[in-house]
Amino acid sequence: MAQLRSARVTGALLLLSCVSHQSDAFGNLAELHSHRDEAPGILNWHGDMRSGRPGNKAKAKAMDKAKSRKHTKLHPPPPSSPPPSSSLSLSSSDEVTMVVIESQVPIGSSASLTWAEADGATYAPCVDGTDWIGIYCGDEPSAIADENPNSWQYVTISSGACNSGEGSAQWSIGSDQTTGDVCEFRLFDHEDGTSYHKIGTSNTFAVSGEADAYGYVMELSTTTINSGDDVTLDWSLNASSSYTPCESGTDWVAYYCGNRVASVSDSAYLDYAYVSDVTSNACKTGSGEETLSLSSGRLPECQFRMFSSDGYTKVGQSAIITIADVASAVSMVHIALTADPSEMRVHFTAGTKTAPAVAYGAFKGALTKSAEASCITYTADEMCQAPATSSANFLDPGWLCEAVLTGLEPDATVYYAATSDGVDYSTTQSFMAAPPSNDPDYAFQFIVYADMGTYSGSAAVTTAAISEAEVTTNNARMVHHIGDISYARGYAVTWEAWFDLISPYSGLAPYMIGMGNHEYDHTSGGAGKDPSGIDTDGGFSPSWGNFGDDGGGECGVPMDRRFTMPSNGNGIFWYEFSFANTHTIMLSSEHDCSEGSDQYVWLEAALKAVDRSVTPWLLVEFHRPMYNNEAYLGDYDVAVGMQAEFEELLVEYKVDLVLAGHYHSYLRSSRIYKDKTDETNGIYHYTIGSAGASLDTATLYPKDWVEYFSEEWGIGRISVANRTHMKWEFMQNTKEDAVVDSAWITNKIYG
């Protein structure tokens, strides 16, 4: 949205970054929590899928099934004794740096331990066997001989520690420790198993009594999963604690991931929820339960932590969850049309790219063809300005891979699976290839929306559920998402959350995207980095514009790397494609389209080249609308500027329908020309920016061309009947399968 409403829309706070970008002071946390419904998260918590909200029945059923699974508590027993020994400890300088996060750990809870090779050291892990860690507790732990640990474990308690030489663990402090003890950890090179070759010692921490233990016990159904697997989290009051739940407000649970999650600070959560939103009576009973499909952003370890209502006072933490397939897992699969109807482009994300490819074929069990994939990535310094360029807000996107499947027959069902290493393949999915290009009366339907994001309560979740149903049940052949995609705005974890949201259907039908202000707009740093090729620091800044830094400094880089659209214009910024009898032109409202500009020259040539005998339907899409009646002066000025730039061109070539977003509402117009209803020369202008972002609450300019206006969430459905008629429908999110507005559109050439 425009700068004019920045206090409400562009200023919506993004809490859930992969690293902390907010103060630990609870005053600031309280402010952030007050924006819960405007915060993107990586998980679907707090009953979103079980709330009975309209449109979520299928997912509610799946979640209820997941909730009914038997809980298997996994508590692997520690080794019974240290490795064999025949000598006392040897003197050695530390080759490994060991850190305990806490200064005090209650009996019955866990110490957060991390270790890594020390600067300048040449530690070779597990050379002659498995290295191990011991804990030493007493009045003066440094005086305790190495052969007398209270307990010990192999470093393999942290996945991959023998390969990387680093790891993390939650070390349970049990009844064998005494209140007032001081403890430290030591790491030993296994060597030949006959000596204590110490290579690291941690800082010390104090053991406190059970009365001061964490208030909650947090249990997991499993501690080793693959990406996307379900984990059930249970919590209950600790019988050894006198903790009163929600004493001064609502306690909250947060979710963390990292290379060594134990070292991730409490303020750097990926997502959170209030306990009362997850389980309605949690504050009364002190207990609750949630089953979640876990995403980690390709980070190998995750954990839940519980906090009291007064801020970052930790009152519980779970065991560490190991993501076993983090390196090879394929995720974020989405497909897109190319300029050739016999092709389909498959995009996917992975942690490695040793042998990326897509296998495909006509039968699910016989993927006999293979298309090699190419992979790219990006870094924080490839973007234009903060917050996107800050390492604190950046999350490694992994390898962003794509392959083009060729030789597809019209309307054929194509099965496919992607791999990053040539061994582990994604779940086999299928799509229907593009239809024949020689039938002007071909009937099909597709869905359109804009301004989605991942927040505003369950709005975007419901949009995704409805869209999935349209694709899987009603055979919607495409999705058009016309800008304002994830609303990451520089906080990279939101891209992960958004892709997780659309992944149930983005690999089943082409997902065609347009550029929005919240992906692109920037005010500095663009020269040499802007993927659209503009060689200025701030992009497009017309005198009538309100183009600010709504993109959070991304300047289109994540979009450009994550999507490839038909290569007949300027990348993802402007391009065109045909699907059966419908030709769509995607423009960028964030770029100059005045006469003589690169975009205008391309647009004029594209419009002139459309053969309406083959593709009788002509649609043009761009993010900011040319016409809308909401009373936001800054955006109104932009609309007037766009009318001056290229309205005449659209009218000249008899465009049937213009689709846009940007305003978080729905508008259907009559045919408009020069800001007046004109059924002879005019074009329908529909706004469908209602896919999930926080809704507008605007006064309205009186316009004679408004046919229907709604400030409700929902998506559009277009059903092409033949060369003369298509049907438009607006499906409102808050009503079960509710079409609250519809209209027939007659073709400008054949109608």
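When reading the values below, keep in mind they use all heavy atoms of this one structure, side chains included, and skip hydrogens, waters and symmetry mates.
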Quick check for you: to the nearest 0.5 Å, what is the distance between [X] atom [atom1] and [Y] atom [atom2]?
X	Y	atom1	atom2	answer
Tyr243	Met306	OH	CE	8.5 Å
His664	Asp484	NE2	CG	5.5 Å
His347	Cys375	NE2	SG	11.0 Å
Ser236	Glu219	OG	CD	7.0 Å
Tyr256	Ser267	OH	OG	7.5 Å

Does [X] use its side chain to pair, donor to acceptor, with the backbone of [Y] at less than 3.5 Å?
X	Y	answer
Asn150	Cys137	yes
Thr130	Cys126	no
Ser158	Ala161	no
Glu290	Leu233	no
Asn226	Ile323	no
Asp251	Ser309	yes
Trp171	Trp152	no
Gln385	Thr523	yes
Thr462	Ser458	yes
Glu117	Val96	no

Are [X] and [Y] side-chain neighbours, meaning at least one heavy-atom pair lies under 4.5 Å?
X	Y	result
Trp132	Gln153	no
Thr156	Cys162	yes
Ser110	Val105	no
Val333	Thr349	no
Ile321	Thr224	no
His522	Asp530	yes
Val182	Phe205	no
Met452	Thr463	yes

Test side chain to side chain donor-acceptor pair (under 3.5 Å) applied to Thr291 and Thr232, step by step: CA-CA 4 Å; Thr291 297; Thr232 298; 2.8 Å; yes
At their closest point, which heavy atom of [X] faces which heavy atom of [Y], and how far apart are they?
X	Y	value
Trp495	Pro558	NE1-CB, 3.5 Å
Ala693	Tyr487	CB-OH, 3.6 Å
Ala111	Val100	CB-CG1, 4.3 Å
Tyr255	Leu294	OH-CB, 3.7 Å
Thr250	Ser276	CG2-OG, 3.3 Å
Asp421	Ser328	OD2-CB, 3.5 Å

Residues in side chain to side chain contact (heavy atoms under 4.5 Å, CB included) contact with Lys529, at least two apart in sequence or another chain: Cys384
Side chains of [X] and [Y] only: does a donor on one sit below 3.5 Å from an acceptor on the other?
X	Y	value
Asp234	Tyr216	no
His518	Asp550	no
Asp181	Tyr136	no
Glu301	Thr322	no
Asp310	Thr313	yes
Asp537	Ser524	no

Derivation of the side chain to side chain contact (heavy atoms under 4.5 Å, CB included) call for Ser202 and Glu184: CA-CA 6 Å; Ser202 77; Glu184 69 181 23; 3.9 Å; yes
Short N-O contact, Glu382 and Arg561, less than 4.0 angstrom: yes
Trace of the side chain to side chain contact (heavy atoms under 4.5 Å, CB included) decision for Asp325 with Asp424: CA-CA 9 Å; Asp325 65 345; Asp424 298 312; over 6 Å; no
Chi angles and distances behind the side chain to side chain contact (heavy atoms under 4.5 Å, CB included) call for Gln317, Ser112: CA-CA 10 Å; Gln317 65 183 17; Ser112 305; 4.0 Å; yes
Cationic tip of Arg305 above Tyr269 ring, under 6.0 Å, 45° of axis: no
Candidate pair Met559 and Met515, rule side chain to side chain contact (heavy atoms under 4.5 Å, CB included), full reasoning: CA-CA 8 Å; Met559 277 269 284; Met515 183 60 66; 3.9 Å; yes
Ring centers of Tyr274, Trp252 separated by less than 6.0 Å: no
Within the 6.0 Å centroid threshold, strictly below: Phe563 and His334: yes
